[in-house]
Amino acid sequence: MRKSQRKVNVAGSASCISFLLLAFLLVNPLIGNSANALEGEESEVSPQATKISTVNIAFSPTEGSASMAPSATAGASAKFLVKAIVSVENSGGYSVYIGSNSANLTRVGGAETIAPISGTKKYSEMTTNTWGYAWARNTDTVADDAQYKAISTAGRGETLYTNASTSIPSETTTYALSFAANIGADKPAGTYRNSVTMSVVSSPLEIVGLTSLANMQDMTTAVCTASKSGDTAQLKDARDGKYYWVGKLTDGKCWMTQNLDLDLSTSKTLTPSDSDITANWTPGYTTATSATSSTITNDRMQARSWNLGNYRITNPTTANDCGYPKNSAANCTNQFTAYSTPTSANADINAHYILGNHYSWNAATAGTGGEIYSGQASDSICPKGWRLPTANDTSIGSLQGLINSGSVGANVAVLTSSPYYFVRGGKVEPNNSWLFARAGDQGYYWSSTPKASSSTTAYYLTFNGASTITPLGDTYARNYGMSVRCIAR
């Protein structure tokens with residue numbers, strides 16, 4: 001455990017009241033040994049299994065004063081506001097405390113004291129020769145009618161906030177702290193002081209494998225690294241409650257082994273807290289429930305998507321073309337069986353073969369693909385912690401790299417079987433003569449990579465029949481609807 005501190009004081013005077021703070025940053029305490037955490041106990045958790053948590057407390061202002069002119073009867077009141085910003089990274093759960101070793105304000109150079117408030121009182125109700133504090137979280141101010149109370153002298157003090165999550169990559173919280181006193185004319189002029197401690201106790205972030213996760217959004221690079229090859233799990237997408245199979249595959253990366261089935265809506269904004277985006281994004285089109293002339297477009301910039309029914313492919317390794325033009329999977333009864341994306345971890349292997357949704361490239365890239373023709377689309381509709389795979393190379397994390405690492409070659413049956421489970425989900429074509437086409441035979445999966453020197457298409461994986469696999473498809477334009485598989489960042 002590391003301990004650092006910044007000295008401030010809390011003080012009052014018959015003619016002036018000034019406040020400062022004492023902050024202890026308590027990191028990685030011994031679990032179950034809170035009594036000695038302030039002493040700097042070292043954590044005994046294996047460094048290979050954890051990531052050190054870091055904490056920072058910043059005060060604004062760090063000191064200040066307010067004048068008071070006590071009368072013989074009622075005394076005079078003054079208060080002062082301090083904003084504390086607490087930032088925690090790589091935490092396995094943390095708590096924020098405020099407390100003191102003494103309940104009183106004591107005059108510097110003397111023995112006179114100002115007693116703490118009894119019970120709770122508004123600032124306007126404070127009795128003579130008492131002091132207290134009030135606080136508020138996620139705001140810069142404390143309300144005028146806030147209830148002030150005595151500072152706690154038990155243990156670390158009052159718990160202001162606890163985040164019990166065992167996986168907190170980062171979190172920043174603001175606290176408004178208001179200190180107030182009413183000092184009577186019977187007290188000698190001077191500075192009345194009490195050192196108040198604000199402390200944060202944060203456990204180290206335990207690095208677990210994907211089998212220990214609950215949500216898609218909990219995935220990190222460290223989690224995938226800690227996972228064993230072949231590990232699998234069903235994780236919940238916090239955006240809609242649907243569950244997806246994921247696994248650590250032959251390239252050493254963690255992939256979704258099930259097609260993304262996220263419905264987009266003009267009334268539902270995706271945020272960086274739940275999606276693979278750098279800024280809030282609201283789709284321009286709600287996901288269509290069929291492929292018709294009114295849902296297809298020749299505009300490659302439009303972020304279109306299609307939910308063509310709750311189905312899974314019946315015979316995933318065998319080509320059985322449904323033909324075209326079709327409107328949905330309901331038109332392909334020889335190829336698909338009714339099956340909804342699970343809303344619980346049902347451990348059903350059939351969920352691997354869910355059709356999922358089809359997305360245009362600008363929908364798959366959350367509007368960041370646009371007309372770029374180099375680099376990568378920066379964002380995607382994958383859950384937070386995941387992204388679209390790259391293409392146009394053979395590196396790890398690319399579609400070609402995955403196929404090479406597993407010696408898939410041109411064998412479509414391998415690609416559509418365990419542990420990959422790619423689906424012959426067809427595509428949506430922006431043409432009334434095609435619409436939903438080739439389901440049951442062909443599969444299409446977008447990458448994040450635009451076709452070099454072209455603003456009209458992007459690279460995708462395509463396969464069909466028994467022995468045709470093309471990791472670098474580039475024929476179809478960005479307004480075509482294709483499937484999405486995400487890879488962990």
Inset, instruction - Determine whether the aromatic ring centres of Tyr148 and Tyr133 lie less than 6.0 Å apart. - result: no
Inset, instruction - With Ile85 as reference, evaluate Thr172, Thr173, Asp140 under the side chain to side chain contact (heavy atoms under 4.5 Å, CB included) test and give the passing residue. - result: Thr172
Inset, instruction - Please find out if less than 6.0 Å separates the ring center of Trp306 from that of His358. - result: no
Inset, instruction - With the side chain counted from C-beta on, respond yes when Trp386 and Val246 share a heavy-atom pair under 4.5 Å apart, and no when they do not. - result: yes
Inset, instruction - Examine the side chains of Asn307 and Asp261 and answer whether a donor and an acceptor come within less than 3.5 Å of each other. - result: no
Inset, instruction - May I ask you to decide whether Asp276 forms a salt bridge with Arg489, counting only side-chain N to carboxylate O separations under 4.0 Å? - result: yes
Inset, instruction - Indicate the ring-plane relationship of Trp135 and Tyr175, choosing parallel, tilted or perpendicular according to the 30° and 60° boundaries. - result: tilted
Inset, instruction - Going by the side chain to side chain contact (heavy atoms under 4.5 Å, CB included) test, name the single residue among Asn90, Val200, Val96 that passes it with Val55. - result: Val200
Inset, instruction - To the nearest 0.5 angstrom, please state how far the OG atom of Ser275 sits from the NZ atom of Lys384. - result: 10.0 Å
Inset, instruction - Give a yes-or-no answer on whether the side chains of Gln234 and Asn346 include a donor-acceptor pair shorter than 3.5 Å. - result: yes
Legend entry - Cationic N near anionic O, under 4.0 Å, Asp145 to Lys122: no
Legend entry - Modelled atom types, side-chain donor and acceptor of Thr390 and Ser398, under 3.5 Å: no
Legend entry - salt_bridge(Lys149, Glu158) N-O dist < 4.0 Å: yes
Legend entry - Residues Arg239 and Asp237 bridged, charged N to O under 4.0 Å: yes
Inset, instruction - Hey, can you tell me if Trp131 and Phe179 have their rings parallel, tilted or perpendicular (30° and 60° cut-offs)? - result: parallel
